[in-house]
Amino acid sequence: MPQTVFPAAGTMFTPSGFSPHLASTCSEADPEEEEGPQEARGPGACVADGPPITSASLDTLIQHLVPTADYYPEKAYVFTFLLSARLFISPPELLARLCDTCIKQQQLDQSPMDTAKVRKFGPKILQLLTEWTETFPTDFREEKMVGLFKDIIHRIAPCDEAYWKTLNQVLQTLNQKLAAIAQGEESIVKVNASSVSSISDKLVGFKTKPPPIQKDILSICNDPYTLAQQLTHVELEHLSYIGPEEFVQAFVQKDPLDSTQPCFSEQKKKTTNLEAYVRWFNRLCYLVATEICMPAKKKQRAQVIEFFIDVARECFNIGNFNSLMAIISGMNMSPVSRLKKTWGKAKTAKFFILEHQMDPTGNFYNYRTALRGAVHRSQTANSIREKIVIPFFSLLIKDIYFLNEGCANRLPNGHVHFAKFVELARQVGEFMTWKQIECPFETDRSILHYLHTAPIFSEDGLYLASYESESPENQVEKDRWKALRYDRYQ
């Protein structure tokens, strides 16, 4: 069925990618036995030197992020903390505290500076800020963030002019990335507008009139593999726009154990790209159902069913599980599934095999097994085509939602429940790896245009088309058909 967002650089952040102090899970943190945060033994002390961190004060976690001349935080720690810290402190405030700590520890406000010490520290702060801009570029849409970045580099630049060059390169790359994100968001708005305007129930009338000038999917593309490739284009484009911070902001809520104010208001909760991706899934569901219900003849409807079964199989082979589930969901919508005579005419053995793969039983056990297989193929792939992994997105969202619901952000003693965010970072980090894949298939503009703009029926329109294809079988269906026909001609 169609879904809603809520259920009521190449590095994979897998468990093995985390440093030892990040190996905990939510279930391992016991608030009653918490002995306190694992404090660093001095400025920049490596967190891996101490016992595993399951929780700590926000100040302690920020301190672990601060690089020194002799210390740099684990890459996985950087990602985990920058992802989750926004629940407790805004990115500009975090960066301000980071820079202020660096200035004090490295004595960057004194003259003369220790040139040798700063030259050891400089590359590390540049690396940290570069990682931040690469992984969370939208944080730097705020001028204050860029200003703080420039200020800290201005302080260390007298020790090495190369820092200016590096800064300019980082900012140039950042601006290009932000421009691409803005362009992508604008295109999504246009596509959404055309998708909304394409919802029409007027097409139903063609069943009792001469065929209108209305294209169908088979007239645009009759090759299942080609359509599966173009669906993969759409999926990967949507994925490329979704930032990791959207997963956190989608489920932000007031934690009863957190006395601080939320770091961003409802207006600043940017989940535009995530929501657009869910809308695409719903559109594909309805497009599949519309294409099946639209033909007047049973034989044609059966051909469309068989075509989409083959498209779904090709999506499975590619590793495009989101389009696969959308197609299956569209074919399982009631207006489609009730067409018994049509289904009886179609060859459906392959469909039931695909349904079995996406069976929700056992928390989607079969799908999760297939996903692990696709991930393994991706990790050992010799070609870009084999690297493609597009998860069933709504299930990924629900996994993150239930992780958020099942674990508090803070423990009763006020410490940040860091073990929870390690697991969150693992799930989001895997997604970040998958979204970086560039689609290897050639683009077919006519097919993509059709996928985004072809008229689709609303739910009522689907039922009306379904009843006109195969007459109602019981009184409930007859009453509904009568009501729909009445509403249509009003």
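Computed from a predicted structure; not experimentally measured.
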**Message:** For a side-chain contact (heavy atoms from CB on, under 4.5 Å) check, start with the C-alpha distance between His452 and Val234, then their side-chain angles and the critical distance, and finish with the verdict.
**Reply:** CA-CA 9 Å; His452 287 306; Val234 178; 3.8 Å; yes
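- Between Leu396 and Phe431, the closest heavy-atom pair is CD2-CD1, 3.9 Å.
- Between Cys407 atom SG and Leu424 atom CG the span is 10.5 Å, to the nearest 0.5 Å.
- Across Thr272, Thr271, Asn273, a single residue satisfies side-chain hydrogen bond (donor to acceptor under 3.5 Å, both in side chains) together with Glu246, and that is Asn273.
- Note on ring orientation: taking the six-membered ring where Trp is involved, the planes of Phe418 and Tyr77 are tilted (angle from 30° to 60°).
- Ion pair Arg426/Glu430 flagged as a salt bridge, since at least one NZ, NE, NH1 or NH2 atom sits closer than 4.0 Å to an Asp/Glu carboxylate oxygen.
- Rounding to the nearest 0.5 angstrom, the gap separating the OG1 atom in Thr115 from the CD1 atom in Ile156 is 12.0 Å.
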**Prompt:** Where do Glu235 and Tyr277 land on the side-chain contact (heavy atoms from CB on, under 4.5 Å) test, with the steps shown first?
**Reply:** CA-CA 8 Å; Glu235 300 284 350; Tyr277 191 34; 2.4 Å; yes
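- Remark: of the listed residues Leu83, Asn404, Ile400, Ile400 is the sole one forming a side-chain contact (heavy atoms from CB on, under 4.5 Å) with Phe247.
- Counting heavy-atom neighbours within 6.0 Å of Glu143 CD, excluding the residue itself, gives a total of 12 or less.
- A search for salt bridge (Lys or Arg N to Asp or Glu O under 4.0 Å) contacts involving Glu355 returns nothing, not counting sequence neighbours.
- Taking all atoms of both residues into account, the shortest heavy-atom contact from Phe316 to Ala370 is CE1-CB, 4.0 Å.
- Evaluation of the ring-ring contact (aromatic ring centres under 6.0 Å, His included) rule for Phe441 yields no partner, not counting sequence neighbours.
- The two residues Cys285 and Met333 have their closest heavy-atom pair at O-SD, 4.1 Å.
- Under 4.0 Å is where a charged nitrogen must lie from a carboxylate oxygen, and between Arg141 and Glu245 no such pair does.
- A distance of 9.5 Å separates SG in Cys439 from CD1 in Ile384, rounded to the nearest 0.5 Å.
- Annotation for Cys102 and Val66: closest pair SG-CG1, 3.7 Å, computed over non-hydrogen atoms.
- Between the CD1 atom of Ile318 and the OG1 atom of Thr232 there is a distance of 4.0 Å, given to the nearest 0.5 Å.
- More than 12 heavy atoms of other residues, nucleotides or ligands sit less than 6.0 Å from atom CD of Glu185.
- Among all heavy-atom pairs drawn from Ile397 and Leu274, the shortest one is CD1-CD1, 3.7 Å.
- The six-membered or imidazole ring of Phe393 lies away from that of Phe281, with a centre-to-centre distance of 6.0 Å or more.
- Nearest approach of Asp444 to Gln230, heavy atoms of both residues: N-OE1, 2.9 Å.
- Taking CE from Met325 and CG from Leu284, the interatomic distance works out to 12.5 Å, rounded to the nearest 0.5 Å.
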